[in-house]
Amino acid sequence: VQLQASGGGLVQTGGSLRLSCAASGLTFSTRTMAWFRQAPGKEREFVATITRSGSTTVYADSVKGRFTISRDNAKNTLYLQMNSLRPEDTAVYYCAVDRVIALRVTIPTKVVEYGNWGQGTLVTVSS
């Protein structure tokens, strides 16, 4: 499994960015996918997740109403639209795939529930 995140960069406070994650080596449409981020000196944290069909999404409280996760199963690609960016959004953003293929009772949001992190893409928000 390979996950290639892209789309990061430097943006001013209030600006927008769209991250992409190209997936290969897996049946993309059968896997729940997520975005996580890790700021310097901090632990990796959950940002958003989307179920296999895209019918259900979950967001961290810190990004709710500003970020939108989506997917294109025909293109094996995951997206994260980030609007109204703040300096505290500065981090390396990673896409990841749910370790479990079978349907879960609850939607996974913990770091340990995901794998195949890839190299991440850096988002820097200047004040």
Side-chain angles (χ1 to χ4, degrees):
V1 175
Q2 287 193 329
L3 301 176
Q4 182 74 33
S6 62
L10 175 64
V11 64
Q12 291 185 333
T13 296
S16 298
L17 282 174
R18 188 192 195 203
L19 306 185
S20 298
C21 172
S24 60
L26 77 167
T27 305
F28 183 75
S29 61
T30 67
R31 309 296 288 273
T32 291
M33 300 292 296
W35 288 98
F36 288 77
R37 67 186 181 186
Q38 187 165 16
K42 295 187 177 182
E43 294 186 351
R44 193 166 298 186
E45 65 175 6
F46 169 76
V47 174
T49 186
I50 186 168
T51 53
R52 54 191 69 187
S53 68
S55 60
T56 302
T57 57
V58 177
Y59 296 91
D61 287 343
S62 59
V63 306
K64 204 171 293 182
R66 301 187 297 123
F67 291 10
T68 301
I69 189 172
S70 62
R71 64 192 297 162
D72 186 334
N73 286 343
K75 295 182 179 179
N76 287 1
T77 303
L78 178 73
Y79 302 101
L80 185 68
Q81 178 66 44
M82 305 187 296
N83 299 329
S84 303
L85 283 162
R86 305 166 180 169
E88 53 264 40
D89 295 318
T90 295
V92 177
Y93 283 72
Y94 300 89
C95 54
V97 59
D98 185 357
R99 294 181 183 276
V100 174
I101 297 176
L103 288 174
R104 290 180 182 264
V105 175
T106 59
I107 296 174
T109 61
K110 298 180 176 60
V111 171
V112 295
E113 295 176 305
Y114 288 87
N116 303 106
W117 293 96
Q119 89 291 353
T121 185
L122 176 62
V123 172
T124 304
V125 185
S126 63
S127 56

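For Lys64, the NZ atom sits in a packed shell: over 12 heavy atoms of surrounding residues, nucleotides or ligands are nearer than 6.0 Å. Counted within 6.0 Å of CD on Gln119, heavy atoms from surrounding residues, nucleotides or ligands total more than 12; the atom is thus considered enclosed. Within a 6.0 Å sphere centred on CD1 of Ile101, other residues, nucleotides and ligands contribute 12 heavy atoms or fewer.
Proximity of Leu3 to Leu78: side-chain heavy atoms (C-beta onward) are nowhere separated by under 4.5 Å. In this structure, the side chains of Cys21 and Tyr93 stay at 4.5 Å or more apart for every pair of heavy atoms. A heavy-atom distance below 4.5 Å is found between the side chains of Asp98 and Arg104. You'll find the side chain of Met33 reaches within 4.5 Å of the side chain of Phe28, heavy atoms only. Contact of the Phe67 side chain with the Leu85 side chain is registered, since non-hydrogen atoms from C-beta on lie closer than 4.5 Å. Residues Pro87 and Thr13 have side chains in contact (heavy-atom distance under 4.5 Å, counting atoms from C-beta outward).
A distance of 11.0 Å separates CE in Met82 from OG1 in Thr68, rounded to the nearest 0.5 Å. Interatomic distance, Leu80 CG to Ser20 OG, rounded to the nearest 0.5 Å: 9.5 Å. Put simply, CD on Glu113 and OG1 on Thr106 are 6.5 Å apart, with the number rounded to the nearest 0.5 Å. Note: Ser127 OG to Gln12 CD = 9.5 Å, rounded to the nearest 0.5 Å. Separation of atoms OG1 (Thr109) and CD (Glu45) is listed at 12.0 Å; rounding is to 0.5 Å.
Under the 3.5 Å distance criterion, the side-chain polar atoms of Arg71 are matched with a main-chain donor or acceptor of Thr51. Checked by atom type and distance alone, the side chain of Thr90 pairs as donor or acceptor with a backbone atom of Val125 at under 3.5 Å. Side-chain atoms of Arg52 do not come within 3.5 Å of backbone N or O of Asn73 as any donor-acceptor pair. Using a distance-only test at 3.5 Å, with no hydrogens or angles considered, a donor-acceptor pair links the side chain of Arg99 to the main chain of Val112.
Taken together through direct or relayed side-chain contacts under 4.5 Å among Ile, Leu, Val, Met, Phe, Trp and Tyr, Tyr94 and Tyr79 form parts of separate hydrophobic clusters. Under a hydrophobic clustering in which Ile, Leu, Val, Met, Phe, Trp and Tyr are joined whenever their side-chain heavy atoms come within less than 4.5 Å, directly or via other members, Val58 and Val63 fall into different clusters. Neither Ile107 nor Trp35 shares a network with the other; the hydrophobic side chains, linked directly or stepwise wherever heavy atoms of I, L, V, M, F, W or Y lie under 4.5 Å apart, form separate groups for each. Note: the hydrophobic cluster containing Leu26 also contains Ile69 (ILVMFWY, side chain heavy atoms under 4.5 Å, direct or indirect links). Trp117 and Val97 are assigned to two separate hydrophobic clusters, defined by single-linkage of ILVMFWY side chains at heavy-atom distances under 4.5 Å.
Between Ala5 and Cys95, the closest heavy-atom pair is CB-SG, 4.3 Å. In plain terms, the two heavy atoms of Ala22 and Thr77 that are nearest each other are CA-OG1, 4.4 Å. The two atoms that bring Gly7 and Leu17 nearest to each other are O-CD2, 3.9 Å, heavy atoms only. When all heavy atoms are compared, the tightest approach of Lys42 to Gln38 is O-NE2, 3.1 Å.
By the ring-ring contact (aromatic ring centres under 6.0 Å, His included) test, Tyr114 pairs with Phe36, sequence neighbours left out.
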Salt bridge (Lys or Arg N to Asp or Glu O under 4.0 Å) evaluation trace for Asp89 with Arg37 | CA-CA 9 Å; Asp89 295 318; Arg37 67 186 181 186; 2.9 Å; yes
